[in-house]
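When a ligand or atom number is given, it counts from 1 through the structure's own listing order. Along the sequence shown, residues carry numbers from 1.
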Amino acid sequence: MILIILRFLLLVWLAKTEAAANIALPGCRDSCGGLSIPYPFGIGSNCSLSEDFEISCNTINRSSTPYNGDLEILDISLSLGQARIMSPISYQCYNSKTKKIQYTDYWVGIPPFRFNHEKNKFVVIGCDTLAYINFTIDQNSYLGGCVSGCDSLKSLTDGSCSGIGCCQTTIPTGTNNINLWFDEKFNNSGPEVYNFSPCSYAMLVEEKGFHFNTGYITSSQLQYQSMSVVIDWAVGNTTCDVARTSKSFACKSKYSNCSDSNSGPGYICNCLHGYQGNPYLQGGCIDIDECATPNPCSKPGKCHNLQGGYRCSCPLGWRNKHNNLQECKLNLAPLVGTCAGIVALCFLGLTTYVALERRNLSKIKEKYIQQHGGWILLEEIKSKQGFGFTIFTKQQIEQATNDFDSENIIGYGGQGTVYKGTLRDQIFAIKKCKIINESKKGEFGKEMLILSQINHKNIVKLLGCCLEVEVPILVYEFVSNGTLFQYIHNKKQGSCISLATRLRIAQESAEALAYLHFSASPPIFHGDVKSANILLDQNYTAKVSDFGASILALTEGEQFVSFVQGTRGYLDPEYMQSCQLTEKSDVYSFGMVLLELLTRKPVIDFDAPEKEMSLCSRFLSAMKEKKMQNLLDDEINNEDDMQIIMEVAELAKQCLNIKGDERPTIKEVAEELDRIRKLKFHPWGQVYTAEEMEILHSQESHNNNIVIDHSNYFSMDKEAEEIIDVGRVV
Ligand SMILES: *[C@@H]1O[C@H](CO)[C@@H](O)[C@H](O)[C@H]1NC(C)=O
Ligand SMILES: *[C@@H]1O[C@H](CO)[C@@H](O)[C@H](O)[C@H]1NC(C)=O
Ligand SMILES: *[C@@H]1O[C@H](CO)[C@@H](O)[C@H](O)[C@H]1NC(C)=O
Ligand SMILES: *[C@@H]1O[C@H](CO)[C@@H](O)[C@H](O)[C@H]1NC(C)=O
Ligand SMILES: *[C@@H]1O[C@H](CO)[C@@H](O)[C@H](O)[C@H]1NC(C)=O
Ligand SMILES: *[C@@H]1O[C@H](CO)[C@@H](O)[C@H](O)[C@H]1NC(C)=O
Ligand SMILES: *[C@@H]1O[C@H](CO)[C@@H](O)[C@H](O)[C@H]1NC(C)=O
Ligand SMILES: *[C@@H]1O[C@H](CO)[C@@H](O)[C@H](O)[C@H]1NC(C)=O
Ligand SMILES: *[C@@H]1O[C@H](CO)[C@@H](O)[C@H](O)[C@H]1NC(C)=O
Ligand SMILES: *[C@@H]1O[C@H](CO)[C@@H](O)[C@H](O)[C@H]1NC(C)=O
């Protein structure tokens, strides 16, 4: 607290000394009679700018009064370039006793200074008065006058100077001499006047300091008084622009400004805004410490003094008011703005990144779709709404297979890995192809389109695919009970497979292949027919699968040459030589499947001696030697079925003909199998198994159309046939 007071006092003291120190020239008195006399005025010679500004400090009756010439100075204003002086009053009084007029005329001259034309008025007081004023401006003179009259005191009003008892008029700019006198014919000599108003007065007076008082009319005392008048002073007799070039330019302070006088030649100096002091002195203008007292900054602003000004700094979260820099207003905008900006930047960056990443991703997807010729497929799907083929997204596939979890692998096909996938409570077999041959990539979409249109009960249905990934992913219907290969060769299960079932599976497979060869457009050659590619559903219905190696039969004339694909043991030897896959290649492979069904032996037995390794050659030699029975699976090796088995064996032999041309078509094979199956069920030829009898009876009781009759056998409609199939469960 004490510190604050001390500091305050120090500041006050400093301010005082500084201000005081710089008013007059060094070594000169700076005041007279309590009035400060700033330079260019000065007391005594060599203390003022020129003689015009010289002040004499006269001491009368112990009180000092400053005079400029014989004019008493009341005050001096540096900033306005003005001063106030005392000016005498002219009077004219009528002495009723002597009948004489007593008067004084005044001449007041103040060159080179001038009477201020705005603040001063020529005032005439009296009830029978006409006074003249002679203004001299430079060498020219102008005459002015004012008439004042009144009948009685009652007509007068205090404060009103408008012709009754008092009149006033303005003076022209630049007046530096005035001469006042009265017209003698207006001399208050009329008894109705001099009784109450013996005197008239005329004066040049500062309007602000003059108030008309009715007492002036009746009094004769005003003649001894004087009135204040405002004068304009200026330095030199040139404009600023001219003066600036001169050595004697009066605006000595660095922080001063010069302005031309309003009322005539000369100029005045002023300290620049934010500075105070005496601009006529070197170093006279001192920076105003605006922050001293009182603090111009409203709370919570903090004041900082600057050269020629100050600054109000606002605390964090506030800012200067736009129109009033002294005030601070709450402004969280920069704070909030900065935060928001950072957040926005982060957000922008993130979204841009995500967008880029997404674009990148979709670009990659598009690339793959493009590579796989997927656009054809997509367009086709669009045009044929709902033909049961779906384009799955990568996300769906990943979700279904639990990101290709190895636990979901259900098989390794020749062309890729097969996963079990669940999507929307539906089970699919999802095949992830191995990287396909670049040159064939473009064909993929087209192939998908063709394969998707295949709809046969004994062919695994292709439900959709996914093109967004590097390698194509195919989505098939899920066939639950494994492959025919597993069924035949997994003897651990100890399952007994009846001849009827074997024949049915064989026929179903053959029909599927026949469909591919003859009904599909364009024809499709499977290329990898084998027991492992024949799947079984819950009812042990055969479903041919894996078109991986399948090569679409090209339109006529086009030859397709490729490297040989397929599985050892099933491969058509002719195909191996020519590298040309034909429909008969499938027939050969199917012959091997038939052999598997009959013998339940592997197509290549690696444990057997070299001569007996190939099932095919063993079979062919067995056929030659008519020792087929030795090869047959024990389960079906009975005399009753031997005729049928031999017919199947004969069919297999035809299929396995080394010459493709001599093999039957798969359609013929299917028809032959059909015939053989019906032969087995011939009511008069063979004996039904108990199981089959039962089924047939139940069918009969349900459907009277089915007549188990040899003559009707070949006219039995397909529907009935299917019913028989469906009903048979091994
Ligand atoms: C004023 O200055 C002049 C010349 O600069 C000098 O001769 C004169 O004595 C001075 N007068 C006073 C009163 O100092
Ligand atoms: C000075 O004082 C005396 C007596 O006090 C007075 O008579 C005289 O008029 C005064 N002079 C002026 C100029 O005021
Ligand atoms: C006005 O004053 C000037 C100079 O003092 C003088 O020459 C002139 O005659 C006067 N004019 C009148 C009308 O008195
Ligand atoms: C006063 O004025 C009257 C006219 O108003 C005039 O007749 C008279 O002579 C004047 N008196 C003097 C002393 O001039
Ligand atoms: C201006 O003032 C100077 C001296 O102060 C003088 O010599 C000069 O003649 C004046 N010029 C005018 C136009 O009054
Ligand atoms: C300086 O004076 C000139 C002329 O009077 C004026 O226009 C200008 O604004 C002044 N400059 C400052 C900074 O006071
Ligand atoms: C876009 O994918 C390419 C690879 O295809 C990769 O090199 C690149 O970094 C990815 N750009 C972004 C922004 O993820
Ligand atoms: C792709 O197929 C072409 C012939 O269609 C063949 O020349 C090429 O070797 C194959 N490339 C691969 C990687 O299988
Ligand atoms: C085939 O399905 C039946 C049920 O329909 C089941 O009992 C049997 O184990 C399945 N066999 C295989 C090999 O999946
Ligand atoms: C198996 O047969 C039963 C009865 O005929 C049928 O309801 C079921 O849909 C069949 N299952 C399959 C997978 O075809």
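At under 3.5 Å, a nitrogen or oxygen of Asn187, whether backbone or side chain, sits near a nitrogen or oxygen of ligand 4.
Within the 4.0 Å cut-off (strictly below), no protein heavy atom is located near atom 7 (O) of ligand 4. Taking a distance limit of 4.0 Å, we find that atom 11 (N) of ligand 3 is approached by some protein heavy atom.
When only modelled atom types and interatomic distance are considered, Asn187 and Asp128 share no side-chain donor-acceptor pair under 3.5 Å. Side-chain atoms of Ser64 and Thr59 include a donor-acceptor pair closer than 3.5 Å. Side-chain contact of Tyr142 with Asn134: a donor-acceptor pair under 3.5 Å is absent, judged by distance alone.
The shortest distance between side-chain heavy atoms of Glu72 and Tyr67 falls below 4.5 Å.
The aromatic ring centroids of Tyr106 and Tyr91 lie 6.0 Å or more from each other.
If you check each of Asn95, Asp183, Thr98, Ile101 against atom 14 (O) of ligand 4, the one with the closest non-hydrogen atom is Ile101. Among Asn177, Leu143, Asn140, Asn179, the residue whose heavy atom sits closest to atom 13 (C) of ligand 3 is Leu143.
Interface atoms of ligand 4 facing Lys185, defined by a heavy-atom separation under 4.0 Å, are 2 (O), 4 (C), 5 (O).
Among all protein heavy atoms, the one lying closest to atom 4 (C) of ligand 3 is Thr136 OG1, 4.2 Å. Of all protein heavy atoms, the one closest to atom 2 (O) of ligand 3 is Asn134 ND2, 2.2 Å.
Contacts between Tyr142 and ligand 3, counted as non-hydrogen atom pairs separated by less than 4.0 Å, are absent for every part of the residue.
In this structure, cysteines Cys269 and Cys258 have SG atoms that are not closer than 2.5 angstrom.
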